[in-house]
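Report on the structure given below.
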Amino acid sequence: MELLIKKIKNEGKVLSESVLKVDSFLNHQVDPELMFEIGKEFAARFKDDGVTKILTLESSGIAPAVMAGLQMNVQVVFARKRKSLTLVNDLLTANVYSFTKQESNEISVSQKFLKEDDRILIIDDFLANGQAALGLAQIVKQANATIAGMGIVIEKGFQDGGSHLRENGYKVESLAIVDSLADGKVTFRQDKVE
Ligand code: G4P
Ligand code: NA
Ligand code: NA
């Protein structure tokens, strides 16, 4: 997605060979116009997949997921990372280990929001090792619902989450794929083919 790639080129900061900082439009400050376009792009890419609901993970997945939900005319559910006071009964849960943060989080969703006949689009801001996406997929399976696909804003193509998920048969659509962060420079997959 050209607009997103331009934004990453202009505002992304390479923190190390493996971490890209995009807090000016995605992970802290949020750019609503860009998110709106991201929502449209997800809607276009999954228009034939019969999506009935979107599932994401708090917090940075929420903005792109809501914009996609707006375009696709479906509700959006976000899994919680912390236990909620009011959300206590009938929880679907999964453990998500973050290699980046070296910590484990239990994520949870109330089962009343995921039905057996739902076709769920999983959306997240980043795809690195794929643990968050797999945790969300586990929750969809516990609900006996169907995974319609996975929409990712930024995939780090040099980490193995994307290939792992695609090998497992999931339709994974990433709006920008970063193939390298070497030498303080962001290299996109499309840059490589050109
Ligand atoms: P994985 O799910 O693909 O295995 O990824 P990982 O555990 O490594 O990701 C843990 C957190 O770090 C996630 O955010 C993820 O979005 C974020 N992350 C991973 N790689 C990068 C990166 O290169 N740049 C940035 N900016 N974030 C990255 P989170 O803890 O869920 O936080 P939130 O922002 O959603 O609140
Ligand atoms: Na994040
Ligand atoms: Na995230």
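All figures in this text were calculated on a predicted structure; none of them were measured in a lab. Counting starts at 1 for both ligands and their atoms, in listed order.
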Worksheet item: Sequence neighbours excluded, which residues qualify as ring pair (Phe, Tyr, Trp, His ring centres under 6.0 Å) partners of F113?
Response: none

Worksheet item: Under 4.0 Å from any heavy atom of K81, which atoms of ligand 1 are there?
Response: 29 (P), 30 (O), 31 (O), 32 (O), 33 (P), 35 (O), 36 (O)

Practice prompt. Determine which of the N, O or S atoms in D125 is closest to the Na ion (ligand 3) and give its atom name.
Written response: OD1

Worksheet item: Taking the side chain as C-beta and beyond, is there a heavy-atom pair between E37 and M1 under 4.5 Å?
Response: yes

Listed pairs under 3.5 Å, donor-acceptor, residues 135-146 side chains, sequence neighbours left out:
from: K141; atom 1: NZ; to: Y170; atom 2: OH; distance (Å): 3.1
from: Q142; atom 1: OE1; to: T93; atom 2: N; distance (Å): 3.4
from: Q142; atom 1: NE2; to: T93; atom 2: O; distance (Å): 2.7

Worksheet item: Does any N or O atom in F126 lie less than 3.5 angstrom from one in ligand 1, N or O only?
Response: no

Practice prompt. Assess A133 for proximity to ligand 1: is some non-hydrogen atom of it under 4.0 Å away?
Written response: no

Discussion item. For S24 and E11, which I'm curious about, is there any donor-acceptor pair between the side chains at under 3.5 Å?
Written reply: yes

Worksheet item: Which option out of L15, L165, L20 puts a heavy atom nearest to atom 25 (C) of ligand 1?
Response: L20

Item to complete: To the nearest 0.5 Å, tell me how far F36 CZ sits from L3 CG.
Response: 12.5 Å

Discussion item. Less than 4.5 Å apart, side chain to side chain, heavy atoms only: is that true for Q159 and F99?
Written reply: no

Discussion item. Heavy-atom pairs closer than 4.0 Å: do any link ligand 1 to the side chain of D124, the backbone, both, or neither?
Written reply: neither

Worksheet item: With a 3.5 Å cut-off and no angle check, do the side chains of D125 and N27 form a donor-acceptor pair?
Response: yes

Discussion item. Does ligand 1 come near enough to L127 that some N or O of the ligand is less than 3.5 Å from an N or O of the residue?
Written reply: no

Response to the item:
The atoms of ligand 1 lying under 4.0 Å from a heavy atom of S18, numbered in the order shown, are 23 (O)

Worksheet item: Can any side-chain N or O of R119 pair as donor or acceptor with the backbone N or O of D49 at less than 3.5 Å?
Response: yes

Discussion item. Between R82 and E58, does any NZ, NE, NH1 or NH2 come within less than 4.0 Å of an OD or OE carboxylate oxygen?
Written reply: yes

Response to the item:
atom 7 (O) of ligand 1: of S16, A79, S98, the nearest heavy atom sits on S98

Worksheet item: Looking at the Na ion (ligand 3), which N/O/S atom of D124 is the nearest one?
Response: OD1

Item to complete: Would you mind running through ligand 1 and noting each atom that sits below 4.0 Å from a heavy atom of F99?
Response: 7 (O)

Worksheet entry | For A128, atoms of ligand 1 separated by under 4.0 Å from a heavy atom | 3 (O), 5 (O), 8 (O)

Discussion item. Less than 4.0 Å is my threshold; does some heavy atom of G130 fall inside it relative to ligand 1?
Written reply: yes

Fill in: Proximity flag E58 to ligand 1, non-hydrogen atoms under 4.0 Å
yes

Item to complete: Could you tell me whether N129 approaches ligand 1 through its side chain, its backbone, both or neither, with non-hydrogen atoms closer than 4.0 Å?
Response: both

Worksheet item: Do D118 and T52 have a side chain donor and acceptor closer than 3.5 Å?
Response: yes

Fill in: Option with minimal heavy-atom separation from atom 35 (O) of ligand 1, where the choices are G135, S60, S104
S60

Discussion item. For L57, state whether at least one heavy atom is located under 4.0 Å from any atom of ligand 1.
Written reply: no

Practice prompt. Would you check if S59 and F78 make a side-chain contact, meaning some heavy-atom pair closer than 4.5 Å?
Written response: no

